[in-house]
Amino acid sequence: MAEYFPGIPRIPFEGPGARNPLAFRHYDPSEVVDGRTMEQHLRFAVCYWHTFKFAGSDPFGLPTMERRYNGSGDPVRVAEETMVAAFELFSKLGVKFWCFHDSDIAPEAATLSETNANLDRIVALASKLQDDTGIRPLWGTANLFSNPRFMAGAATNPSPHVFAWAAAKVKKAMEVSKELGAAGYVFWGGREGYETLLNTDMKRETENLARFLRMAADYRREIGFDVPLYIEPKPKEPAKHQYDFDAATCHAFLQRHGLLGDFRLNIEVNHATLAGHDMLHELEYAFANDIFGSIDANRGDLLLGWDTDQFPSDVPLAALTMYSVLRGGGFTAGGLNFDARLRRQSVDPADLFHAHIGSMDAFARGLKIAARLRRDGILGGIVRERYAEWEGELGRRIESGACGFAELEAHVLRTGEPALRSGRQEMIENILNDYIHS
Ligand code: XUL
Ligand code: CO
C-alpha cells in the first residue's frame, strides 16, 4: 500500500523530557488516571475535513498546501487515496476515532444516486481500513452548507424541495454512519439561520428545523442506529445569525419542540467564544441541564472575530475542560474531536502531526491536572463552603419550598444586613496556577 507520510513513524511516547518533535511527552494511551486509561478518558478523534481537505486557502488567497493524496484525476480514485492516507495518519498518531461529513470522504456527482454510489464505494474501503486498524467514527454528519442549493439553509430553506434534499442527504449519512459503527451523529446548521430578517419567516423556519430533527430521530429508531444525536451550537458564520446560537438557545429549542430525549450537544470551543461565552460556560450549562454529549476541541484567537479553528494546545484551557468533563462523569459516547486546522503557512505534511501531537499532549496534561484538582478537592471544597449557608435553617426552608415572601421579609426585619464574604477569586486563581505549573 502507498505510504503518504513517509519518514514519519508511529508516534511513540517518550516522556516529559523528550526533545523529539515527533513523540508524545505526556500522552501515554495506557497510563491509568483515576481508574481509566488516558485513551479511555480522552477518546481523541481526527476530523477529516480540516486534516485532509483543507489546503490552506482563505478568502484572500489560494491553497498553499500540497498533499500527495489530494491529486487531480478521477475524483473517486483521489477520494480512495485520501482515505488510505487518513488511516495512515490515524494509525501513526494512535487515535481510535475519526469524524467526517459525507462530502469530505466522497465526491458529489450530478445526481443523488450517483453521489450515493460514490459514498458506498468509499465507505466500503473505509470499512475495510477500520477492520484492519480497529479505528471507527466518533460521529458522522452530512454537509448541508457547501452546495449552492443550500445557500438559503437546509431544513430552514424557503423551499420544501431543498428541505427534501437535506432529508435525503441526512438519511444516507445516517445509514453510512451506522454502517461504519459511528458512536454518534452530529447536526451543525451553519446555514440554518438568516442573512436578513427582511426576507425571513423565522417562525416557519425554526418550526421546520424542529420537524426535520424529529424526522431524523424517527429515522434513527427506524434503522436501529442506537447512538446519541448531537446538535452543535454556533452563533454565526457562515449565517449572520444561526438558530443554534449557544447551549442555552439549543436547550430551549429542544425543550420547546419535545426533542430533549433524542438530542444532546456537541460543544465547540471557538463557537462558544463567538457566542460571547467561554468554553467552560457552555460545558457547565450542558452538564447542569443534562444535555452534554461531546466536544469539538479547538480554540479561537481573542483578537479575531471569526472561527479560526486553531489546534487546542493551550494547557490551562485543556485542564479546565477536563475538570468539567470529569466532574460531569467523563465521556460516554462522546469524545474530543480536533475540529482544528493548520495555519496557512504550515505547509508541510509533518505539521499535521505536530499539531495533533501538541494538542493530544495538552489534553493529557490537562487530564492529569484535572484529576489532581478533583482528588485534592480544593476547588470543590471552596464552592461547597461558599454555599454552606444553604444547609442552615433558612436555606433549607427556601430550597424545600416551605416559605414565601412574607416569611423572608420577617427574617430580614429580624436579622438586618448579611455579612459580606469574600469570593476569593484571586486566591483561587493562584491555587489553579500551582496545579497547572507544578
Ligand atoms: C463548523 C463546524 C463543523 C461541524 C460539523 O464551524 O464546526 O465542521 O463540526 O459540521
Ligand atoms: Co465543529
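Counting convention: from 1, in listed order, for ligands and their atoms alike.
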Are the aromatic rings of [X] and [Y] close, with centres under 6.0 Å apart?
X      : Y      : value
Tyr27  : Phe44  : yes
Tyr48  : His101 : no
Phe353 : Phe5   : yes

- [ ] Return the residue, atom name and 0.1 Å-rounded distance of the protein heavy atom closest to atom 10 (O) of ligand 1.
- [x] His101 NE2, 2.6 Å

Task: atom 9 (O) of ligand 1 - nearest protein heavy atom and its distance - done: Glu232 OE1, 2.7 Å

Short list, please: which atoms of ligand 1 are under 4.0 Å from a heavy atom of [X]?
X      : answer
Lys234 : 6 (O)
Asp296 : 9 (O)
Trp49  : 8 (O), 9 (O)
Asp307 : 6 (O)
Asp339 : 2 (C), 3 (C), 4 (C), 7 (O), 8 (O), 9 (O)

- [ ] Could you tell me which N, O or S atom of Glu268 is nearest to the Co ion (ligand 2)?
- [x] OE1

Task: Which N, O or S atom of Asp296 lies nearest to the Co ion (ligand 2), by name - done: OD2

Open item on the list: Checking Trp165 now: which residues fulfil side-chain hydrogen bond (donor to acceptor under 3.5 Å, both in side chains) with it, not counting sequence neighbours?
Closed with: none

Open item on the list: Does any part of the side chain of Met215, heavy atoms only, come nearer than 4.5 Å to the side chain of Phe163, both counted from C-beta?
Closed with: yes

Task: Check: Val123 and Glu179 side chains under 4.5 Å, non-hydrogen atoms - done: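 In contact.
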
Open item on the list: Looking at ligand 1, would Glu237 count as a contact under a 4.0 Å heavy-atom criterion?
Closed with: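 For ligand 1, residue contact (heavy atoms, under 4.0 Å) with Glu237 is absent.
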
TODO: Report the C-alpha separation of Asp246 and Tyr285 in whole Å, then their side-chain angles, then the decisive distance to 0.1 Å, and conclude whether the side chain to side chain donor-acceptor pair (under 3.5 Å) test is met.
DONE: CA-CA 10 Å; Asp246 61 0; Tyr285 185 90; over 6 Å; no

